[in-house]
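Encoded as structure tokens, the structure appears first; notes follow it.
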Amino acid sequence: MEKTNEYRIWKAGMEDLPEILQLQYLAYQSQAALFSNKDIPPLTQTLDEVIEEYHKGIILKMVNEEGMAIGSIRAWETEGSVYIGKLMVHPNYWHHGYGTRLLKEIELLFPRKRYELFTSTRSVDNIRLYQRLGYREFDRKRVDEELEFVYMEKAQNELN
């Protein structure tokens, strides 16, 4: 895994999952604020559900120099596609490239695949990040009158 003086990234172990879930609760407050609703799946997810995701694929953990979790990302592969979810960075570390580093690390772990992720259409910063990294919109799905997801992919021929 990648290592520098300012952060380290590694595959999370079972012992890391409670800390990652706490980071998730903190990091997804901004998404909840977009809808004035704290009842979104990342904020209601349980540790048992994170453990299920852990057994399904890979969860990465990023820590700062003091060993505090500052970022995480999850991914699993099915039929040649890598599904990426729960890319999160501690709010105090936003806009410093940590999300980009986590996403690139997942792509390195699943080389030369098709990558897919989704986010809310209201998450313009997320969409801009994904587009900058080569992801393109391929679908939208309306959940209700307020929530619409944009699905993005990065195919093998678009890899940087």
Side-chain angles (χ1 to χ4, degrees), residues 1-78 81-110 113 115-130 132-133 135 141 143-144 146-154:
M1 293 287 130
E2 185 175 332
K3 181 180 178 182
T4 72
N5 291 334
E6 57 186 76
Y7 70 92
R8 290 179 294 137
I9 300 173
W10 67 75
K11 290 181 187 177
M14 289 285 288
E15 68 281 0
D16 297 311
L17 300 183
E19 184 180 18
I20 289 170
L21 184 59
Q22 288 300 335
L23 173 63
Q24 178 177 313
Y25 290 155
L26 179 64
Y28 276 87
Q29 294 297 319
S30 64
Q31 294 298 305
L34 290 174
F35 298 95
S36 301
N37 180 0
K38 293 204 180 259
D39 193 30
I40 62 172
L43 296 182
T44 61
Q45 188 172 32
T46 66
L47 182 57
D48 286 340
E49 291 169 331
V50 175
I51 291 169
E52 283 180 38
E53 290 180 352
Y54 173 83
H55 290 299
K56 183 177 170 183
I58 291 176
I59 299 177
L60 296 183
K61 177 182 178 181
M62 175 186 275
V63 299
N64 65 10
E65 292 173 325
E66 292 80 34
M68 181 183 90
I70 62 169
S72 184
I73 190 170
R74 300 171 199 172
W76 66 95
E77 183 178 0
T78 303
S81 288
V82 176
Y83 297 91
I84 299 169
K86 303 282 191 323
L87 172 58
M88 66 190 87
V89 174
H90 189 290
N92 293 346
Y93 293 83
W94 286 350
H95 306 293
H96 294 287
Y98 296 112
T100 297
R101 293 171 191 161
L102 283 162
L103 195 52
K104 286 183 176 182
E105 191 70 24
I106 279 292
E107 291 176 0
L108 289 172
L109 290 172
F110 296 94
K113 300 289 182 179
Y115 308 102
E116 181 178 323
L117 49 78
F118 70 91
T119 192
S120 161
T121 53
R122 293 187 185 182
S123 302
V124 292
D125 287 343
N126 294 352
I127 293 169
R128 193 173 16 254
L129 166 68
Y130 302 143
R132 191 172 64 246
L133 294 174
Y135 287 77
K141 292 185 181 167
V143 176
D144 58 35
E146 284 194 40
L147 179 60
E148 182 177 18
F149 288 127
V150 57
Y151 289 79
M152 303 181 81
E153 68 180 344
K154 184 174 180 180

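One-based numbering along the sequence shown.
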Practice task
Tell me, with the steps shown, if Leu103 and Tyr115 meet side chain to side chain contact (heavy atoms under 4.5 Å, CB included).
Solution key: CA-CA 10 Å; Leu103 195 52; Tyr115 308 102; over 6 Å; no

Practice task
Kindly say whether Tyr25 contributes a backbone atom to a donor-acceptor pair with the side chain of Gln29 at under 3.5 angstrom?
Solution key: yes

Handout entry: Polar side-chain atom of Asn126 near backbone of Ser123 as donor-acceptor pair, under 3.5 Å
Key = no

Problem - Beyond-backbone contact of Arg74 with Leu60, side-chain heavy atoms, under 4.5 angstrom - result: no

Problem - ring-ring contact (aromatic ring centres under 6.0 Å, His included) partners of Phe149, counting only residues at least two apart - result: Phe118

Problem - Carboxylate-amine/guanidinium contact Lys113 Glu107, below 4.0 Å - result: no

Enumerate donor-acceptor pairs with a distance under 3.5 Å from any side-chain N or O in residues 91-98 to protein atoms, sequence neighbours excluded.
{"unit_1": "Tyr93", "atom_1": "OH", "unit_2": "Asn64", "atom_2": "ND2", "d": "2.9"}
{"unit_1": "Trp94", "atom_1": "NE1", "unit_2": "Val89", "atom_2": "O", "d": "2.6"}
{"unit_1": "Tyr98", "atom_1": "OH", "unit_2": "Glu6", "atom_2": "OE2", "d": "3.2"}

Handout entry: Main-chain N/O of Pro42 paired to Gln24 side chain as donor or acceptor, under 3.5 Å
Key = yes

Exercise for the section: Report yes if the side chains of Lys86 and Gln45 come closer than 4.5 Å at any heavy-atom pair, otherwise no. Expected result: yes

Completion exercise
Glu49 meets the salt bridge (charged side-chain N to carboxylate O under 4.0 Å, His left out) criterion, sequence neighbours left out, with none

Exercise for the section: Answer yes or no: is there a side-chain heavy-atom contact under 4.5 Å between Leu129 and Leu87? Expected result: yes

Practice task
Would you indicate whether the side-chain heavy atoms of Tyr135 and Ile127 approach each other to under 4.5 Å?
Solution key: no

Exercise for the section: I would like to know whether His55 and Met14 meet side chain to side chain contact (heavy atoms under 4.5 Å, CB included); could you show each step before the answer? Expected result: CA-CA 9 Å; His55 290 299; Met14 289 285 288; 4.1 Å; yes

Practice task
Flag the pair Thr100 / Lys104 as yes when at least one side-chain heavy-atom distance between them is below 4.5 Å, and no otherwise.
Solution key: yes

Problem - Backbone of Leu133 reached by a side-chain donor or acceptor of Lys154 within 3.5 Å - result: yes

Handout entry: Electrostatic pair Lys61-Glu19, nearest N-O below 4.0 angstrom
Key = yes

Exercise for the section: Report yes if the side chains of Val63 and Trp10 come closer than 4.5 Å at any heavy-atom pair, otherwise no. Expected result: yes

Exercise for the section: Measure the shortest side-chain to side-chain distance between His90 and Leu23 over non-hydrogen atoms and say whether it is less than 4.5 angstrom. Expected result: yes

Exercise for the section: Grab the two heavy atoms, one from Ile59 and one from Ser72, that are nearest each other, plus how far apart they are. Expected result: CG2-OG, 3.6 Å

Problem - Flag side-chain contact, heavy atom, 4.5 Å: Tyr7 against Arg101 - result: yes

